[in-house]
Trainee: 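One structure, as structure tokens, below. Some questions next.
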Amino acid sequence: MAQLHLWDQETAAALVDVEAMLKVDPTSMTALGLAAAAHYLRHDAERLAEVERRSLAAHPKGGAFYNTLGSAALQVMRFDVAETWFKKAIELDPQLWSAVLNRGTVLIHLGREEEGRKLVEEGFEQDSFNTRAFNLIKLFRKMDKNMVLADLERFHLRVNSAEDPILTPYLTDWLRRADEELSKKYGFRPEGPILVEDFAVHNDFSVRTAGIPGLGALGACFGKVVTLILPTDANFRMTGEFNWARVFWHEYAHVVTLQLSKNRVPRWFTEGLSVYEEKAANPTWAREMELELYHAWKKGELLGIAELNRGFTRPKYPGQVLLCYYHSSLICEFIAATWGFAAIPKMLRAYGEDAGTEAVIRQVCGVTVGEFDKQFDAWLGRFYSSIVLPPLCSEAEAKKLEERVAKDGKDAAARVGLAWWNFGAGKLDEARDHARQALAVDPKSADALAVLGYLADGKKDAAEARKLLEAAVAAGVKYHGVYLRLGRLLLEAKEPEKALAALEKAKAAFPTRVAGNENPYALLAKLHEEAGRRDRMIAELEALRAIDQDDYGLRRRLAEIYQKEKKPADVARVLAEANEVRALDPSLHEAWATALRELGRWEEAVREFETAIAAWRRDTRGAEADEKVGALYCDLAEVRLAQGKPEEAARALDDAEYAFPKSERVKPLRAKLPGAAAPAEKAAPKPAEKPADGAPEKPPPAPGPGGDAGAGSAPK
């Protein structure tokens, strides 16, 4: 438990556990190392030195003390400090192979890869049962074989060789944009070189990041090293589709916040800022977790900032970790809205000086942690004021409602509160009973009708659900869920105009709710399509696109619609977003290139045609791929001709002919090259000159490469 408390920087609780360990063994290097780590995190150098002397007195060659101390620092990402302590551990005990492996791992995280790999291999030679070392060595050998490293001065990119020509141009653009924008925003330019590695296999990413497979993440950052996974079909099977660009931006924001705080920033703040910066970079990247957070808030499950790290490391309910990401991002929004964005880099710098959260909040915001939490709670109330949701309560409040019902079984308001509480807790029979009891007292209880309507809908009793939900609306309910369910039921009943009205109200009640089946935009788009209202269908799909950043199919559908309507600018716009989700799809790049070509955006079109070619070559489809690549090279040649670049056009045609010799497009395009004459217009060859009397007749020149005469090319 002491290690868990230290991970969350709860030093007082950690020291309680350490004292219990020391009562059993006062000279335990593990316990003394954990005690020293607690004092380090409390910025108590005197007590740390005292524990250090105590350990060395008992164990003059005891490197395990420093190894434990370093491991605790590594756990909270203090890589520079951890590396120093691991080094001390090895100096005292050169055969402490766990310390050797730990130091090697830290150096790899710091970007000092060559040194780190040597230490990991050295440690593994002596401790061949270390799973993490085995995994890392195996992975690095695979990386050496299959990945390529690009040097971009401030940045180094390592990508799988098969995907390198497809992905590196986008990664390069995103890196430079993120570096420029975030450095300016935070008033701090991260130290380079910054290494970004993108893995084609999730387990490779996981081993590179944590030493073990199965890490539940899409990206990671250590300050100067960023690891990501590629948007491949294989990874989607494990993770589901995800927005690759958003993940990259999230991790690069960590580069800034970790370095600015000297890796001292708490987990909640750096994660919150990365999610905050996703939305700031692109509003469509915003995370839509308002309902989940609302439920946790109303149930009293949100942690204060002093305890928020615990939600990442010791979640108490499913989904709490993801919810903490979103919760932390709203805290960052609150700070920026209340004290101005300038407060955020000030806080990061204060953390960098080893100040704790309580001191940082008091220093920068001028309030205590308790006052901060109260102000944030009030801000959340304003945040949710525009969303119409059913009443929810905490468990403590539910117990008070039960006490009221026990005293007065006809307390309809208490019954309604308990109906919603039990419905949210999955206790459907109890929810039904309380709703019916409330309705018996007040036949027009809108909330009781709504709960019973939800329950009937869950049982697939469409007629009963519709009757109850319509009665709830008539009684004054305006909840998103009521309108959404009612709209769906009306659509199924073939009453489109009534469905339209209900679904429009569902949108107005909760505009960003599109999770799972709770998607009025998709239902409205279908409704308008069936009614032949094409413009309104497109408007709904565009509204949904602006909310759901991960929906690749939606963007391809919009692209096809705009392509038929001959709107290449819109095609290019939505396909640029589709590329953020499925960058390896060759058909995407082909369609995008065609749209850019129609717009006369020549260099962008060239990039996309070249990317489409690389993506098709990566795709092993034999003759089909060869024919497609040949056609794309011809398209590229046409773009180069339009640019007035005949030499590049000629090279593209050579490549087209090589890829697919049967292409019927190559010859007509060659005829358009400057200096090329049509076959019928070729001049007849001049007759050979007769040699002067007595002179020997010269042989014709031997053909060189490309059919031209070449020096030294005569046959021997």
Side-chain angles (χ1 to χ4, degrees), residues 147-148 150 152 155 157-179 181-182 194-206 208-209 215-221 225-255 274-275 277-288 322 325 545-556 559 572-589 591-592 607-608 611-612 614-615 618-619:
M147 298 183 79
V148 293
L152 305 174
F155 313 107
L157 283 180
R158 182 178 275 138
V159 182
N160 214 46
S161 56
E163 287 83 24
D164 173 51
I166 306 167
L167 302 180
T168 296
Y170 306 114
L171 271 172
T172 302
D173 288 347
W174 296 342
L175 263 171
R176 287 172 176 156
R177 180 190 157 201
D179 187 48
E181 291 184 13
L182 294 176
I194 296 157
L195 172 64
V196 177
E197 295 179 335
D198 222 331
F199 291 91
V201 178
H202 188 276
N203 277 342
D204 289 348
F205 153 79
S206 183
R208 175 65 176 86
T209 304
L215 180 67
L218 302 174
C221 176
V225 176
V226 170
T227 56
L228 305 166
I229 61 169
L230 298 179
T232 65
D233 290 342
N235 288 330
F236 289 151
R237 285 194 288 275
M238 177 178 287
T239 64
E241 283 197 328
F242 61 91
N243 190 299
W244 182 52
R246 177 179 61 79
V247 173
F248 163 78
W249 199 273
H250 178 106
E251 299 306 333
Y252 195 85
H254 280 314
V255 172
S274 281
V275 176
E277 290 300 346
E278 292 171 9
K279 182 179 176 181
N282 187 336
T284 68
W285 293 352
R287 302 194 184 194
E288 293 79 36
L322 281 178
Y325 277 82
R545 178 204 60 78
I547 298 169
D548 189 349
Q549 69 268 22
D550 295 335
D551 195 332
Y552 176 80
L554 169 63
R555 284 158 175 78
R556 291 306 303 265
R573 172 177 58 83
V574 295
L575 288 181
E577 290 185 2
N579 183 57
E580 295 172 358
V581 182
R582 281 186 175 263
L584 297 174
D585 186 341
S587 67
L588 179 155
H589 296 286
W592 191 4
R607 179 200 66 202
E608 287 309 313
T611 303
R618 175 185 175 274
D619 213 10

Trainee: Shortest non-hydrogen contact from Gln549 to Asn243?
Mentor: O-ND2, 3.2 Å
Trainee: Work out which heavy atom in Ala286 is nearest to a heavy atom in Lys279; give both atom names and the distance.
Mentor: CB-CG, 3.8 Å
Trainee: Rounded to the nearest 0.5 Å, how far does CG of Leu152 lie from CD1 of Ile194?
Mentor: 11.5 Å
Trainee: Identify, with sequence neighbours excluded, every residue that meets side chain to side chain contact (heavy atoms under 4.5 Å, CB included) alongside Ala150.
Mentor: Leu157
Trainee: For Arg607, check side-chain hydrogen bond (donor to acceptor under 3.5 Å, both in side chains) against everything at least two apart and list the hits.
Mentor: none
Trainee: Please answer whether the main-chain N or O of Ala583 pairs with a side-chain N or O of His589 as donor and acceptor at a distance below 3.5 Å.
Mentor: yes
Trainee: Partners of Val275 by side chain to side chain contact (heavy atoms under 4.5 Å, CB included), sequence neighbours excluded?
Mentor: His250, Glu278, Arg287, Tyr325, Ser329
Trainee: Quick check: closest heavy atoms across Ala200 and Asn160, and the distance to 0.1 Å?
Mentor: CB-ND2, 3.9 Å
Trainee: So do Leu171 and Thr168 actually touch side chain to side chain, heavy atoms under 4.5 Å?
Mentor: no
Trainee: Would Asn203 and Ser206 count as having a side-chain donor-acceptor pair, cut-off 3.5 Å?
Mentor: no
Trainee: Within this structure, what is the CG-CH2 distance for the pair Asp198 and Trp244, rounded to the nearest 0.5 Å?
Mentor: 5.5 Å
Trainee: Which pair of heavy atoms, one from Glu251 and one from Ala220, lies closest together, and at what distance?
Mentor: OE1-C, 3.2 Å
Trainee: Tell me which pairs pass salt bridge (Lys or Arg N to Asp or Glu O under 4.0 Å) where either residue lies in residues 164-178, with sequence neighbours left out.
Mentor: Arg177-Glu181
Trainee: Measure the shortest side-chain to side-chain distance between Pro231 and Arg582 over non-hydrogen atoms and say whether it is less than 4.5 angstrom.
Mentor: no
Trainee: Looking at Leu167 and Leu230, what are the two nearest heavy atoms and their distance?
Mentor: CD1-CD2, 3.0 Å
Trainee: Give, for atom CE of Met238 and atom CZ of Phe205, the distance between the pair rounded to the nearest 0.5 Å.
Mentor: 11.0 Å
Trainee: Starting at CH2 of Trp249, measure out to CH2 of Trp285 and round the result to the nearest 0.5 Å.
Mentor: 6.5 Å
Trainee: Who pairs with Tyr252 by ring-ring contact (aromatic ring centres under 6.0 Å, His included), at least two apart in sequence or on another chain?
Mentor: none
Trainee: Working to the nearest 0.5 angstrom, can you tell me the gap between Ile166 CD1 and Arg618 CZ?
Mentor: 6.0 Å
Trainee: Would you please test Val581 and Phe242 for side chain to side chain contact (heavy atoms under 4.5 Å, CB included) and show each step?
Mentor: CA-CA 6 Å; Val581 182; Phe242 61 91; over 6 Å; no
Trainee: Apply side chain to side chain contact (heavy atoms under 4.5 Å, CB included) to residues Arg158 and Val148 and explain how you reach the verdict.
Mentor: CA-CA 5 Å; Arg158 182 178 275 138; Val148 293; over 6 Å; no
Trainee: Of all heavy-atom pairs between Glu241 and Phe236, which one has the smallest distance, and what is that distance?
Mentor: CA-CD2, 3.5 Å
Trainee: Tell me every residue that passes salt bridge (Lys or Arg N to Asp or Glu O under 4.0 Å) with Glu580, counting only those two or more places apart in sequence or in another chain.
Mentor: none
Trainee: Residues in ring-ring contact (aromatic ring centres under 6.0 Å, His included) with Trp592, at least two apart?
Mentor: none
Trainee: Could you give me the CA-CA distance, side-chain angles and deciding distance for Glu277 and Arg246, then say whether side chain to side chain contact (heavy atoms under 4.5 Å, CB included) is met?
Mentor: CA-CA 9 Å; Glu277 290 300 346; Arg246 177 179 61 79; over 6 Å; no
Trainee: To the nearest 0.5 Å, tell me how far His202 NE2 sits from Thr209 OG1.
Mentor: 8.5 Å
Trainee: Does a side-chain heavy-atom distance below 4.5 Å link Glu197 with Val226?
Mentor: no
Trainee: Output all residues satisfying side chain to side chain contact (heavy atoms under 4.5 Å, CB included) with Asp551, sequence neighbours left out; order by chain, then residue number.
Mentor: Asp548, Leu554, Arg555
Trainee: Once side-chain hydrogen bond (donor to acceptor under 3.5 Å, both in side chains) is applied, do any residues pair with Asn282, and if so which ones, sequence neighbours excluded?
Mentor: Thr284
Trainee: Please enumerate all residues that pass side-chain hydrogen bond (donor to acceptor under 3.5 Å, both in side chains) together with Ser587, with sequence neighbours excluded.
Mentor: Arg556, Asp585
Trainee: Under the ring-ring contact (aromatic ring centres under 6.0 Å, His included) rule, collect the residues that match up with Phe248, sequence neighbours excluded.
Mentor: none
Trainee: I'd like to check the ring-ring contact (aromatic ring centres under 6.0 Å, His included) partners of Phe155; sequence neighbours left out, ordered by chain and number.
Mentor: none
